[in-house]
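Heads up: the structure comes next, in structure tokens.
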Amino acid sequence: MRSSDFKLMVLPYSSRLYRLAFSLLRSKEEAEDIVQEVYMKLWKMRDDLPKYNSIEGLSVKITRNMCLDLLRRRKTTLEIIKEEGRSKENEFSADPSKDLEKKERSELIHSLINQLPEPQKSLVYFRHIEGKEYNEISELMEMNENAIRVSISRARKQLREMLQTQYSSWIN
């Protein structure tokens, strides 16, 4: 598909997409960024666009999903910031040994994740450390979402086994 055909097919929806993004995000800049990302995604799909019954519907769906993803990330970030604030408030807790245990547990889990083979290590990192959704990971890693789910499931199983081995060596 030529760029002129793409523009004729997709650009008429820009004001509707912007209004939708702005109504969800309440930020002019973020709404503009989302619309730009939608157009980039549609451009990558340009050869498949004629197969869709409604390009407008597809554009709206992509815009809505990207906005919701951004809102989820924003919410997760706020929760992390609040949690960090709470942990800093409790930095000198009544029980320093519990703080040390938490830190050691976290370090152990990170070291076990680093022992996983690729792409499991990256997939677990994106999903559980960065909190990314499966569709985001799919785009980043250029993998099928189902393959990602299976790989993460296997990685979790492997991590459980590694953790059990670690704890049994400490006990024995």
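Everything quoted here is computed from the prediction, not taken from an experiment. Positions are given from 1 along the sequence.
Counted within 6.0 Å of CD on Glu118, heavy atoms from surrounding residues, nucleotides or ligands total more than 12; the atom is thus considered enclosed. By the 6.0 Å contact criterion, CZ on Arg46 is enclosed, its count of non-hydrogen atoms from other residues, nucleotides or ligands being greater than 12. The number of heavy atoms from other shown groups lying within 6.0 Å of CG (Asn114) is above 12.
Using a 4.5 Å cut-off between side-chain heavy atoms of Ile, Leu, Val, Met, Phe, Trp and Tyr, with links allowed through other members, Ile34 and Leu11 fall into the same hydrophobic cluster. Leu159 and Val150 fall into different hydrophobic clusters, where Ile, Leu, Val, Met, Phe, Trp and Tyr are joined by side-chain heavy atoms under 4.5 Å apart, directly or via other members.
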Inset, instruction - Kindly indicate, with the supporting measurements, whether the criterion side chain to side chain contact (heavy atoms under 4.5 Å, CB included) is fulfilled by Leu123 and Met143. - result: CA-CA 10 Å; Leu123 295 174; Met143 289 177 67; 4.2 Å; yes

Inset, instruction - Carefully, step by step, assess Gln115 and Lys121 under the rule side chain to side chain contact (heavy atoms under 4.5 Å, CB included). - result: CA-CA 8 Å; Gln115 293 176 30; Lys121 178 178 14 178; over 6 Å; no

Inset, instruction - Evaluate side chain to side chain contact (heavy atoms under 4.5 Å, CB included) for Leu17 paired with Tyr39, printing each intermediate quantity in order. - result: CA-CA 10 Å; Leu17 300 179; Tyr39 282 137; 4.2 Å; yes

Inset, instruction - Give the intermediate values and the outcome of side chain to side chain contact (heavy atoms under 4.5 Å, CB included) for residues Ile152 and Tyr134. - result: CA-CA 10 Å; Ile152 289 176; Tyr134 288 107; 3.8 Å; yes

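In this structure, Arg127 and Glu133 approach most closely via the heavy-atom pair NH1-CA, 3.8 Å. Closest non-hydrogen pair, Lys28 versus Phe22, comes out as N-CE1, 3.6 Å. Taking every heavy atom of both residues into account, Ser59 and Thr63 meet most closely at O-OG1, 2.7 Å.
Residues Arg16 and Arg19 meet the side-chain proximity criterion, which asks for heavy atoms closer than 4.5 Å. Side-chain contact between Leu58 and Leu49 is present, with heavy atoms from C-beta onward closer than 4.5 Å. Contact check for Asn135 versus Asp69: side-chain heavy atoms found under the 4.5 Å cut-off. Annotation: side chain of Tyr13 is in contact with side chain of Ile55 (closest heavy-atom distance under 4.5 Å).
Note that CZ of Phe126 is 12.0 Å distant from OG of Ser138, once rounded to the nearest 0.5 Å. Once rounded to the nearest 0.5 Å, the distance linking OH of Tyr52 with CG of Leu42 reads 9.0 Å.
Formation of a donor-acceptor pair under 3.5 Å by the Ser151 side chain with backbone atoms of Ala147 is not found in this model. Put simply, the side chain of Thr165 gets close to the backbone of Glu161: a donor and an acceptor are under 3.5 Å apart.
With Glu139 as the partner, the side chain to side chain donor-acceptor pair (under 3.5 Å) test is satisfied by one option alone out of Lys41, Lys132, Lys44: Lys41.
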